[in-house]
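Everything on this sheet refers to the single structure shown next.
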Amino acid sequence: MDCTDVVASSGSMIVISNRLPFVLQRNKDGKLVRKASAGGLVTAVAPVVINGNGFWVGWPGIHLTDPNEPIPESDPGDITPTAGLKSDKVIPVQINPSIFDSYYNGCCNATFWPLFHSMPDRASFKGEHWKNYVTANKEFAECTLKALRQLPKTTGEVPLVWVHDYHLMLAANWIRQYAEEENISCKLGFFLHIPFPPWDIFRLFPWSDEILQGMLACDMVGFHITDYCLNFVDCCQRNLGCRVDRKNLLVEHGGRSVRVRPLPIGIPFERFVELAEKAPKLISTNQKIILGVDRLDYTKGLVHRLLAFEKLLEKHPEHLEKVSLLQISVPSRTDVKEYQELKEEMDQLVGRINGRFTTPNWSPIRYIYGCVSQDELAAFYRDSAVGLVTPLRDGMNLVAKEFVACQINIPPGVLIVSPFAGAGETMHEALICNPYEIDDASEVIHRALTMPEDERILRMNYLRRREKLNDVNYWTKSFLSAMGSLQTQEDHDDIG
Ligand code: GDG
């Protein structure tokens, strides 16, 4: 069963996320058009919204000057998962551009992103950004109320509001308050896609109590792994003095018991297998590729990775002219100084390492600064000998999962994962590599390159089996189940 036949039981689902599941753009005639997103999350969640006649609330990716300008319907030929999401089921959040900039680039990306990844020295704490974060969250909450008001009031049906990620940690507070004022019942759930940091990091944020109160306005709060759940529970106890139950992951707040749950996200496994089966051959069979795929972000450990690879070539010259590192770095937040500096550092490092080891027939690093198509990505995943996923800190990391899904060749390659990614906690048969320990990291890569075939097969079989079972549809159903809201279309029809 996939999510095409799942609806949230006894009520519709409203998803609220910073971005809508598609972006709006203007075509050359100035008309608004939808540009679909093919991400796994959208693929899994959109059918649940559509089946249950729910709503999606989010920023449309463009500042609209006329708030009454209609949202376009999807193209007739659109086959993406959001094609069935009618424009009247989409609530675009409009926020004044300068407030949005301060909320998004300021508070979300310059404060919460580094802080929650346990890099407080990179975080800026500005009262102005926080003020605009509050304003923006309130706006998202008001738009959610618009959606709640439009749902038919059927006896016994309680709609489910699913709030996503660090952009919207306060929104549930107002949604609960406004809904109570208007006598609308709803269940509120939250999922954080990035890590939740330990208390000693979290408390550096001057308004940390407000964040916890915002999240605790939900009935259930989900994180990728148990460690993040425990960090959150700990913060609730130490910041707010809440009574907590660590064994059952419960936090008492405002006379309610809030459930905290580890819900590790998965990928659309079968879609990646199909992509891998059809993908072109882009890597010739006589080369061994170590693959890295990341947004160009300081959390992803890219500099450490290049240094570990350099150390490998230094200590194990048998790999010279036989092994290359293919690093795909997708441009991200390019108008931010820190990201520009990281790009410079990477360019220089790639140049230095290639200058040091390149021979007339071979270059050690192939560096793509840009995005590749999904077909190309699947080809790289399938034909690489090693998947190198070594973030300094990462909520989960989907690349690790996509890599194993595409490893359909026999014998397969080897996955290397950092213990500081959620994926490192759950993908037990991968080789674990501490990216900070450059020397040891180079040895782990060497071990992966020289691993016997039978061990590779055994490890990859286990990894693939787990990801196939725990795919993104399973994640969506686990969320609904944790909310007490899981039902199939069949059950729904029976009741109806
Ligand atoms: C956040 C959390 C958590 C990358 N390059 C290309 C490309 N990609 C796609 C991958 C993958 C996605 O981007 C990256 O996902 P990650 O999980 O690695 O990282 P974040 O974007 O930081 O996501 C993270 C996630 O939320 C989900 O909860 O796992 O920890 O930080 O899907 O395939 N796709 C294409 N071309 C590329 O060049 N087509």
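Ligands are counted one by one from 1 in listed order, and the atoms in each one are counted from 1 as well. For this chain, numbers begin at 1 and follow the sequence in order.
Taking the side-chain hydrogen bond (donor to acceptor under 3.5 Å, both in side chains) definition, one finds that Y367 meets it with nothing, sequence neighbours left out. Under the rule for a side-chain hydrogen bond (donor to acceptor under 3.5 Å, both in side chains), Q407 has no partner lying at least two apart in sequence or in another chain. Taking S284 as the reference, N286, Q287 meet the side-chain hydrogen bond (donor to acceptor under 3.5 Å, both in side chains) condition, with sequence neighbours excluded.
N434 places a side-chain N or O within 3.5 Å of a backbone atom of Y436 that can act as its donor or acceptor partner.
By the 6.0 Å and 45° rule, K343 stacks over the aromatic ring of Y369. No cation-pi contact links R122 to W113, judged by a cut-off of 6.0 Å to the six-membered ring centre and 45° from its axis.
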Where does ligand 1 get N/O contacts under 3.5 Å from the protein, atom by atom?
unit_1: ligand 1; atom_1: 17 (O); unit_2: L398; atom_2: N; d: 2.8
unit_1: ligand 1; atom_1: 19 (O); unit_2: K300; atom_2: NZ; d: 3.3
unit_1: ligand 1; atom_1: 21 (O); unit_2: R295; atom_2: NE; d: 3.4
unit_1: ligand 1; atom_1: 22 (O); unit_2: R295; atom_2: NH2; d: 2.9
unit_1: ligand 1; atom_1: 22 (O); unit_2: K300; atom_2: NZ; d: 3.4
unit_1: ligand 1; atom_1: 28 (O); unit_2: H193; atom_2: ND1; d: 2.7
unit_1: ligand 1; atom_1: 28 (O); unit_2: H224; atom_2: NE2; d: 3.3
unit_1: ligand 1; atom_1: 29 (O); unit_2: N397; atom_2: N; d: 2.9
unit_1: ligand 1; atom_1: 30 (O); unit_2: D394; atom_2: OD1; d: 2.6
unit_1: ligand 1; atom_1: 30 (O); unit_2: G395; atom_2: N; d: 3.1
unit_1: ligand 1; atom_1: 30 (O); unit_2: M396; atom_2: N; d: 2.8
unit_1: ligand 1; atom_1: 32 (O); unit_2: E402; atom_2: OE2; d: 2.6
unit_1: ligand 1; atom_1: 33 (O); unit_2: E402; atom_2: OE1; d: 2.5
unit_1: ligand 1; atom_1: 33 (O); unit_2: E402; atom_2: OE2; d: 3.3
unit_1: ligand 1; atom_1: 36 (N); unit_2: V372; atom_2: O; d: 2.6
unit_1: ligand 1; atom_1: 38 (O); unit_2: V372; atom_2: N; d: 2.9
unit_1: ligand 1; atom_1: 39 (N); unit_2: V372; atom_2: O; d: 3.2

